[in-house]
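These notes are about the structure you will find just below.
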Amino acid sequence: MDWVRIAFHFNELSKTMKVKTRFAPSPTGFLHIGGVRTALFCWLFARHHGGQFVLRIEDTDRERSTQESIDAILEGMTWVGLDWDEGPYYQTERFDRYRALADQLLEQGDAYHCYCSPDELDAMRAEQVAAGQNPGYDGRCRQRTEPVAGVSPVIRFKTPAAGEVVIDDAVRGQVVYANSEIDDLVIMRGDGTPTYHFSVVVDDADMAITHVIRGDDHLNNTARQVHIIAALGFERPAYAHLPMILGEDGARLSKRHGAVNVLEYREQGFLPEAVLNYLVRLGWSHGDQEIFTREEMVRLFELDGVNASASRFSPEKLTWLNQQYILQTPDAELVEGLLEQYRRLDVDTADGPQLSAVIAAFHERAATLRELAASSVYVFHDFAEIEPKAAKKHLRGVVRQPMADIREALADLQPWAEEGIQSTIQAVADQHELGFGKLGQPLRVAVTGGGVSPPIDVTMALIGRDRCLARIDAALSVIDKRVAAAGR
RNA sequence: GCUCCCUUCGUCUAGCGGUUAGGACGCGGCCCUCUCAAGGCUGAAACACGAGUUCGAUUCUCGUAGGGAGCGCCA
């Protein structure tokens, strides 16, 4: 069966030659989340086989390539920790090489100059579509012998007119194209720069790429590239075309789908490990396993676990995974990222408890570092006012006396620690014949300004004695005002 | 329009001829509980449709439908 043959072919390739993959983004924007998934699979495959991973910047389109984009790509790759062994290479530094090979094709008779104008080409395509044909260049300049004055010609590759191309793809199986469906594509622009189809082929060969792993939007392109490879006498790499990642609505991922720039996830308080773990499960699986360490991913990743159908991006699941990672990551490793989030919130953490203690107390109720920071601000800064709803519900006359008793006992508590705080509250509750919760919640509101926090003893231990006493005093006066108002 | 690819719960997926079709996210319920979480248990929820092949199809083949991609002097 074809499948078996293809799988065998892949295994043999991996064994006999050193595996080398590449990620080749074009610097026309930020590093896309879909691009990261592609890079991840390339990286995993290389690492799994003890091979090399190359980063190549495809910047032949000088109109749209920017240094800013290059920086964003490098920063994004670094953030998620997909390290490369070679590169980054830049295609703009290799123009001489492309020109030389284009000349070679010209001499061989596998390419020719084309003088057609854009208008002429448009008209031709319109006609073809009207006639129900697959639009494509009809090769009208193949026979031309005389240059056209004033036109700097492009170079087109001469695609075989008859026959077919067969591509063995590691995820698609065998895909066949009739050559009649493939037109003569432009390989060199009028200005002497190469086009994508030409530069990829040359670079992949020059850089000895063994496995081309890329998005399946390139599947159709592969047929044309394979012809160029043959004409140049290069060896064909193995191919694996990955399914696309769609937005939540099933449409292609784009800016309107929120965060598509990886670096935005960093800003939102996601951990790179969580992002990678989420992405690896989009189009790849290993039985029922959901959580993979980086080492596990490298050890378990294989192309035969990659499926063929497109998947949708689910922010909910990413968020869940991120929380799992926040829960599992040693507190100390979270400190740096958390500090960055406090900085964004303008929170000064100098006057407060150790951040690792804050993390330990808050991590099970925060899905992102951003949430973790935002929900713990009161540990470092006083709040402007108590949430009205929480105050109304819990700061009542009945808790005035017990709360005052607690305040008094707490003032002398030694040491200021969870156990003592807990037993103090319990003692006062017992004394007033109240359940712990009857006092815990009002205290929480007094001390945090809201109704949600870690356990009250933990929370108060973190906030510190001085702040707690002052806030309880403030709450007591809120109660007093309220009682007075009610009594009037 | 033409060519190619894809199709299991709402979503991500397991399954590789015979299963009560499994797991995860999300959603509902219960437990735990000083709040909120986390955690545990639990419930609802899927093989797009139609023909074949076969003793037997979610699984293999072919159609149909739906979705995606490509068809540039973009990558």
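The chains referred to below are lettered A, B, ... by the order of the sequence lines, with proteins before strands, and numbering in each begins at 1.
Nucleic acid contact for Y177(A): sugar-phosphate only, since backbone atoms but no base atoms lie under 4.0 Å from a heavy atom of the residue. Nucleic acid contact class of R64(A) (heavy atoms, under 4.0 Å, all strands): base. Looking at heavy-atom distances under 4.0 Å, N221(A) makes contact with a base. Here H363(A) lies out of heavy-atom contact (under 4.0 Å) with every strand. Among the heavy atoms of the strands, none lies under 4.0 Å from G435(A). Contact annotation for L282(A): backbone-only contact, meaning every heavy-atom pair under 4.0 Å involves sugar-phosphate atoms and none involves a base. In this structure, R312(A) reaches the sugar-phosphate backbone alone: every heavy-atom distance under 4.0 Å involves primed, P, OP1 or OP2 atoms, never a base. T60(A) comes within 4.0 angstrom of the backbone, heavy atoms only, and of no base. Residue contacts for P118(A): at a heavy-atom cut-off of 4.0 Å it reaches no nucleic acid atom on any strand shown. Within 4.0 Å of H394(A), counting heavy atoms only, lies no atom of the nucleic acid at all. Heavy atoms of V175(A) sit under 4.0 angstrom from primed sugar atoms or phosphate atoms, though from no base atom.
When the C1' atom of rU13(B) is taken as reference, atom CZ of F292(A) falls 11 Å away, rounded to whole Å. Taking atom CD on E120(A) and atom P on rC73(B), their separation rounds to 13 Å, with Å as the unit. A straight line from CD1 of I187(A) to P of rG72(B) spans 16 Å, rounded to a whole angstrom. Per the geometry, CG belonging to D184(A) stands 15 Å off P belonging to rC71(B), to the nearest Å. Spacing between atom CZ of F157(A) and atom P of rG72(B) amounts to 17 Å, rounded to whole angstrom units. Atom P of nucleotide rG70(B) and atom CG of D216(A) are separated by 9 Å, given to the nearest angstrom. As rounded to whole Å, 19 Å separates atom P of rG72(B) from atom CD of E63(A). Rounded to a whole Å, the CZ atom of F198(A) is 13 Å from the P atom of rA75(B).
A distance of about 44 Å separates the P atoms of rC5(B) and rA38(B), rounded to the whole Å. Going from the P atom of rU54(B) to that of rC49(B) covers 23 Å, rounded to whole Å. On the P atoms, rG15(B) is 13 Å away from rU7(B), given to the nearest whole Å. Nucleotides rG23(B) and rA14(B) are separated by 15 Å at their P atoms, to the nearest Å. When the C1' atom is compared between rA45(B) and rG50(B), the two are found 25 Å apart, to the nearest whole Å. Of the P atoms belonging to rG22(B) and rC16(B), the separation is 14 Å, rounded to the nearest Å. Comparing rA48(B) with rU13(B), their P atoms sit 15 Å apart, to the nearest whole Å. Going from the C1' atom of rC9(B) to that of rG72(B) covers 41 Å, rounded to whole Å.
Of the side-chain N and O atoms in S285(A), one or more sit less than 4.0 angstrom from OP1 or OP2 of rA14(B). In terms of phosphate contacts, Q324(A) brings a side-chain nitrogen or oxygen within less than 4.0 Å of OP1 or OP2 of rG39(B). Using a 4.0 Å cut-off, no side-chain N or O of R56(A) falls inside it from OP1 or OP2 of rA75(B). Remark: R281(A) is not in phosphate contact with rA24(B), judged by side-chain N or O atoms under 4.0 Å from OP1 or OP2. Within the structure, a side-chain polar atom (N or O) of S311(A) is placed less than 4.0 Å from OP1 or OP2 of rU13(B). One finds a side-chain N or O of Q323(A) lying less than 4.0 angstrom from the OP1 or OP2 phosphate oxygen of rA38(B). Within the structure, a side-chain polar atom (N or O) of N307(A) is placed less than 4.0 Å from OP1 or OP2 of rU13(B). For rG72(B), neither phosphate oxygen OP1 nor OP2 lies less than 4.0 angstrom from any side-chain nitrogen or oxygen of T195(A).
The closest side-chain heavy-atom distance from F362(A) to I359(A) is not below 4.5 Å. Contact annotation: the side chain of F198(A) never approaches that of T60(A) to less than 4.5 Å [non-hydrogen atoms, C-beta and beyond].
Judged by the 6.0 Å distance and 45° axis criteria, R156(A) is positioned over the aromatic ring of Y137(A).
Side-chain N/O atoms of D288(A) and base N/O atoms of rG22(B) include a donor-acceptor pair closer than 3.5 Å. Between the base of rC36(B) and the side chain of R365(A) there is a donor-acceptor pair shorter than 3.5 Å. Between the side chain of E290(A) and the base of rG23(B), at least one donor-acceptor pair of N or O atoms lies under 3.5 Å.
Shown here, rC32(B) forms no base pair; nothing in the strands shown gives a Watson-Crick or G-U wobble contact with both key distances under 3.5 Å. Remark: rG43(B) base-pairs with rC27(B); criterion is Watson-Crick or G-U wobble with both hydrogen-bond distances under 3.5 Å. When both pairing distances are held under 3.5 Å, rU64(B) makes a Watson-Crick or G-U pair with rA48(B). Pairing partner, rA14(B): none, since no Watson-Crick or wobble contact has both distances short of 3.5 Å. Of all nucleotides present, none satisfies the Watson-Crick or G-U wobble test against rA57(B) with each distance under 3.5 Å. Shown here, rC2(B) forms a base pair with rG70(B); the pair counts as Watson-Crick or G-U wobble because both key distances fall under 3.5 Å.
In this model, no donor atom of one side chain and acceptor atom of the other lie less than 3.5 Å apart for E273(A) and N277(A). Remark: the Y239(A) side chain and the D168(A) side chain contain no N/O donor-acceptor pair separated by less than 3.5 Å. Between the side chains of N322(A) and Y265(A), no donor-acceptor pair is found at a separation under 3.5 Å. A donor-acceptor pair shorter than 3.5 Å can be found between the side chains of T222(A) and R214(A).
Of the candidates rA24(B), rU35(B), rC73(B), rU35(B) carries the atom nearest the V452(A) side chain, counting heavy atoms from C-beta on.
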Check the pair F41(A), F301(A) against ring pair (Phe, Tyr, Trp, His ring centres under 6.0 Å), reporting the backbone distance first and the verdict last. CA-CA 8 Å; F41(A) 281 27; F301(A) 185 83; 5.0 Å; yes

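Atom CE in M460(A) sits 13.5 Å away from atom CZ in R467(A) (nearest 0.5 Å).
Two residues, M188(A) and Q422(A), neighbour RNA chain B, and the one matched to the more 5' nucleotide by heavy-atom proximity is Q422(A). Residues H286(A) and H197(A) both approach RNA chain B. Their nearest nucleotides, taken by heavy-atom distance, put H286(A) toward the 5′ side.
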